[in-house]
Amino acid sequence: MAESLPKELELVVVTPDRQVVRDKVTSVSIPGSSGYLGILPGHAPLLTELAPGPLSYAEGPKVEYLAVTWGFAEVMPDRVIVLANTAERAAEIDVSRAERAKQRAEERLQNLFDPQVDQERAREALRRAIARIETARHGQTRR
Ligand code: ATP
């Protein structure tokens, strides 16, 4: 007898501060460090590092978006656990704050020879800001 595959996934997204999602979902798209991973119920187990970007998940026809930054995701056939440094639902994102963070990071990155500027830190801040702006945009287009 063929083993039946799970029809849903339990998605858990937590940060050091709070639990952002705990839901039964039908698919998840994760911004992994080597690219996006599309996860359906029954997926083979894996562990991936996160990259800053939009994480999306479907609950039937409804698609929700979260901005995640660094962390890890563990995938099992019936569960996805995301441990993220930060995670905000699209509607929680303060776009003007993210635009300001993006501008600050871009200005720092232009000061190539200023020893006060930590280029790596500025690049990471820029990636977080872009992830938030992109996620907020996705969240708006579906409304
Ligand atoms: P900023 O310079 O604006 O603080 P940041 O990228 O340095 O941005 P983080 O250190 O990644 O901010 O996050 C600090 C906290 O603020 C986290 O709880 C994160 O969820 C929240 N946060 C950061 N930016 C935003 C935003 N644009 N909208 C909503 N929450 C945000």
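Small disclaimer: the values here were computed from a predicted structure and weren't measured. All ligand and atom numbering here is 1-based and tracks the order in the structure.
Shown here are the side chain to side chain contact (heavy atoms under 4.5 Å, CB included) partners of Lys24, two or more places apart in sequence or in another chain: Glu8, Glu10.
Of all atoms in ligand 1, listed by their number and element, those nearer than 4.0 Å to a heavy atom of Ala98 are 27 (N).
A donor-acceptor contact closer than 3.5 angstrom links the side chains of Thr86 and Thr69.
Note: the hydrophobic cluster containing Tyr65 does not contain Ile30 (ILVMFWY, side chain heavy atoms under 4.5 Å, direct or indirect links).
The protein non-hydrogen atom at the shortest distance from atom 27 (N) of ligand 1 is Asp94 O, 2.9 Å. With respect to atom 18 (O) of ligand 1, the closest heavy atom belonging to the protein is Asp17 OD2, 4.1 Å. Among all protein heavy atoms, the one lying closest to atom 30 (N) of ligand 1 is Glu88 CG, 3.8 Å. Residue, atom and distance of the protein heavy atom nearest to atom 2 (O) of ligand 1 are Arg104 NH2, 2.7 Å. Of the protein's non-hydrogen atoms, Arg128 NH2, 3.2 Å is the one closest to atom 7 (O) of ligand 1. In this structure, atom 12 (O) of ligand 1 lies nearest to the protein heavy atom Arg132 NH1, 3.6 Å.
At a 4.0 Å heavy-atom cut-off, ligand 1 touches Thr86 through the side chain alone.
A side-chain donor-acceptor contact under 3.5 Å links Asp118 to the backbone of Arg121.
A heavy-atom separation below 4.0 Å is not found between Arg100 and ligand 1.
Screening residues 80-95 for salt bridge (Lys or Arg N to Asp or Glu O under 4.0 Å), with sequence neighbours left out, gives Arg18-Glu92, Glu88-Arg132.
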(request) Give the intermediate values and the outcome of side-chain hydrogen bond (donor to acceptor under 3.5 Å, both in side chains) for residues Gln103 and Arg100. (result) CA-CA 5 Å; Gln103 197 176 346; Arg100 289 194 302 277; over 6 Å; no
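The two residues Val25 and Ala58 come nearest to each other via the heavy atoms CB-O, 3.3 Å.
For Thr69, no nitrogen or oxygen atom sits less than 3.5 Å from a nitrogen or oxygen atom of ligand 1, counting backbone and side chain alike.
Between Arg127 and Glu124 there is no salt bridge, since none of the side-chain N atoms of the basic residue sits less than 4.0 Å from a carboxylate O of the acidic one.
Nearest residue to atom 25 (C) of ligand 1 from Arg89, Lys102, Arg97 is Arg97 (criterion: closest heavy atom).
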